[in-house]
Amino acid sequence: MAKQGVGITITQHILNQQRQKPEATGGFTTLLYELIVAAKVISREVNKAGLADILGSTGKINIQDEQVQKLDVFSDQIIIERMQHIGQLCCMGSEEDADLIDIPSKYPKGNYIIVFDPLDGSSNIDVNVSIGTIFGIYKKKSSETDIDLLMNDVLQPGLSQVAAGYFIYGSSTMMVYTTGEGTGVHGFTLYPSVGEFLLSHENIRIPERGKIYSVNEGNHDYWDEKTLALMDYFKTTDKESGRPYTSRYIGSLVADFHRNLLKGGIFMYPADNKDPKKPSGKLRLMVEANPLALVIKEAGGYASDGHGPILDIEPKELHQRVPLYIGSKEDVELAERFISGKI
Ligand code: P6P
């Protein structure tokens with residue numbers, strides 16, 4: 001008999017999760033709904049980028065000292081526009097904005113905080129490679145409402161996130177997210193003709209160990225001895241331990257992460273001495289490492305800065321960078337032993 005209906009929508013899934021929390025007010029659900037609207041708009045623009053005049057860069061340089069592509073700016077503005085009016089947020093933090101983003105006084109404030117990278121991997125926009133939006137959601141700890149006094153509420157360890165996930169704009173648009181606390185990781189695929197995300201990957205689990213390593217080998221000359229030894233390990237032939245691993249690197253974090261999440265493997269962006277301004281590597285703790293670290297933890301994997309769990313790091317700055325080793329638990333634990341000198 002033909003399958004009736006469209007299966008489980010993201011709306012149904014979120015409501016089911018809300019019903020399991022008696023104390024839930026529906027505020028978190030509202031936040032996720034509007035974030036999903038923003039992602040649908042971004043997905044539409046990304047998918048027609050090749051046709052619109054939106055391609056190319058605005059010529060501006062963002063807080064990360066990177067050329068800003070127009071879609072970066074557009075995506076940042078769409079998320080801010082969708083988030084600021086819902087009455088659930090006290091502030092926002094974006095990879096594209098140097099400072100915290102306040103909620104306009106015409107809208108009520110709430111107790112949630114969202115930090116996000118509006119369009120990660122943007123350098124791949126013009127070559128049609130998958131890119132993504134990464135987000136993490138926290139609850140405010142203090143009773144502060146003044147934007148100048150909220151940074152301490154924002155700079156919480158990643159383990160405090162009440163939700164985290166990403167949207168990937170690729171051959172299809174997907175949303176992958178978790179609400180932590182053992183609720184698992186679930187993936188939804190956008191059904192374009194219906195305009196709704198449908199449950200396509202329930203309770204994603206990453207293999208304990210993979211066969212893929214993802215790193216930009218072009219940084220070889222900027223790595224320390226321990227990092228070089230780790231990369232050599234993955235490349236050395238040893239049938240017993242299933243080596244060499246296969247090298248896969250797209251240069252778009254969300255795409256590399258998503259592949260490894262589904263197939264197993266390790267993504268690495270080590271510390272390097274390539275840029276004195278970025279001794280801890282290129283990736284950001286708050287808007288990239290922490291959200292993906294919660295997702296991977298909930299999927300049975302692990303994320304480390306080479307010395308310990310990413311999720312335990314006490315953030316010091318909104319845009320601080322961190323070395324990132326993330327993916328299959330056994331592979332990341334091995335990387336940690338190399339980088340911390342235990343091997
Ligand atoms: P590199 C994209 O700019 C990004 O922030 C991530 O999406 C990606 O993993 C990384 O940078 C790629 O950096 O130095 O290898 O080009």
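All ligand and atom numbering here is 1-based and tracks the order in the structure. Just so you know, these numbers use all the heavy atoms, side chains as well, and skip hydrogens, waters and symmetry mates.
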Is there a donor-acceptor contact under 3.5 Å linking the side chains of [X] and [Y]?
X	Y	result
T30	Q88	no
Y177	H13	yes
D256	S252	no

For atom 15 (O) of ligand 1, the option (of Y249, F257, F267) bearing the nearest heavy atom: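 Nearest heavy atom to atom 15 (O) of ligand 1 lies in Y249.
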Is there a polar contact, in the sense of an N or O pair closer than 3.5 Å, between [X] and ligand 1?
X	result
N216	yes
K282	yes
L283	no
S122	no

Under 4.0 Å from a heavy atom of [X]: which atoms of ligand 1 are those, numbered in the order shown and with their elements?
X	answer
D120	5 (O), 6 (C), 7 (O)
G121	2 (C), 7 (O)
L253	6 (C), 7 (O), 8 (C), 9 (O)
E288	5 (O)

Proximity of Y112 and Y138 rings by center, below 6.0 Å: no
Y325 and Y302 aromatic centres sub-6.0 Å: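 No, ring centres 6.0 Å or more apart.
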Location of contacts on R284 toward ligand 1, heavy atoms closer than 4.0 Å: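 Looking at R284 and ligand 1, just side chain atoms fall under 4.0 Å.
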Short side-chain to backbone donor-acceptor contact, T133 and P118, under 3.5 Å: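 Here the side-chain-to-backbone pair exists.
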F234 six-ring centre to R243 NZ/CZ under 6.0 Å and within 45° of normal: no
